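One structure is given below, encoded as structure tokens.
This structure is a prediction, so every number in the text was calculated from the model and none was measured.
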Amino acid sequence: MVPKKRQSKRVRMAHRYRIAGRIKDHQRKERRGEKKNPKSYRKSKKDPGIPNNWPFKEELLNEVEKQRQEAEEEKRKKKEMNKKKKKSPVKKETSIKEEEVDSEEAEIDAKEESE
């Protein structure tokens with residue numbers, strides 16, 4: 001029994017391009033489907049605000065404004081602390097080195113004066 005010849009893997013270029021086009025179309029369709037999926041895309045709801053006939057509206061508005069200002073101040077303080085943390089290691093190293101050099105010079109001067 002004679003074994004069969006293996007079939008070549010040669011493919012016409014038109015067929016190859018058609019396959020590539022189908023793959024591209026399929027990927028585009030998948031991306032579009034992801035965008036249309038209502039579970040993955042949620043629109044944020046707009047804050048309706050406070051109605052005019054609400055009792056104690058001004059007090060409530062004042063409280064909201066106070067909270068907003070406190071949040072801003074907290075954010076500003078955190079930002080300043082982060083800046084200090086970023087700058088402090090460099091300053092500490094230089095200041096510590098300078099202090100060591102100054103103290104060493106003072107000791108040398110003291111020894112020279114005593115001699």
Side-chain angles (χ1 to χ4, degrees):
M1 190 166 180
V2 180
K4 292 184 179 180
K5 271 189 171 179
R6 282 197 172 169
Q7 191 173 13
S8 97
K9 294 183 180 181
R10 185 182 180 284
V11 180
R12 293 182 333 185
M13 293 307 289
H15 185 63
R16 214 177 258 187
Y17 294 141
R18 192 179 316 135
I19 291 171
R22 286 181 185 168
I23 290 170
K24 193 174 180 182
D25 289 342
H26 177 70
Q27 289 173 344
R28 187 183 321 132
K29 200 171 196 179
E30 288 290 314
R31 276 185 263 128
R32 194 179 308 141
E34 288 174 4
K35 288 180 185 176
K36 288 183 178 181
N37 188 358
K39 291 180 182 177
S40 65
Y41 178 75
R42 292 186 181 175
K43 190 173 185 180
S44 59
K45 293 185 178 180
K46 188 176 178 182
D47 184 22
I50 304 167
N52 285 333
N53 58 0
W54 196 267
F56 309 111
K57 178 182 177 180
E58 289 185 25
E59 292 175 10
L60 189 60
L61 286 174
N62 290 337
E63 287 179 24
V64 170
E65 181 65 25
K66 225 184 239 184
Q67 289 175 352
R68 189 181 61 78
Q69 287 178 353
E70 289 174 1
E72 275 184 27
E73 190 174 327
E74 187 74 24
K75 188 184 278 189
R76 186 182 50 80
K77 284 181 182 179
K78 283 184 180 180
K79 199 172 189 179
E80 288 177 8
M81 292 294 289
N82 287 338
K83 283 184 180 179
K84 286 180 182 178
K85 285 180 181 179
K86 287 182 180 179
K87 290 183 179 180
S88 63
V90 175
K91 286 185 177 179
K92 284 182 181 176
E93 291 175 11
T94 57
S95 63
I96 291 172
K97 290 179 182 176
E98 290 174 2
E99 289 174 8
E100 291 175 359
V101 171
D102 291 340
S103 63
E104 289 174 3
E105 289 176 359
E107 290 175 9
I108 293 171
D109 291 338
K111 285 181 184 178
E112 289 176 3
E113 289 177 8
S114 64
E115 291 179 356

Starting at CD of Glu70, measure out to CD of Gln67 and round the result to the nearest 0.5 Å.
-> 7.0 Å
Pair Gln69-Glu65, side chain to side chain contact (heavy atoms under 4.5 Å, CB included): steps then yes or no = CA-CA 6 Å; Gln69 287 178 353; Glu65 181 65 25; 3.4 Å; yes
In plain terms, say whether Asp25 and Arg28 are close enough for a salt bridge, that is, a side-chain N and a carboxylate O under 4.0 Å apart.
-> yes
From the list Arg31, Lys29, Glu30, side-chain contact (heavy atoms from CB on, under 4.5 Å) with Gln27 holds only for Arg31
The salt bridge (charged side-chain N to carboxylate O under 4.0 Å, His left out) partners of Glu74 (sequence neighbours excluded) come to none
Closest non-hydrogen atom pair between Asn52 and Lys57, with its separation | OD1-NZ, 2.7 Å
In terms of side-chain geometry, is the basic nitrogen of Arg76 or Glu72 positioned less than 4.0 Å from the acidic oxygen of its partner?
-> no
Any Lys/Arg nitrogen of Lys83 or Glu80 sitting under 4.0 Å from an Asp/Glu carboxylate oxygen of the other?
-> no
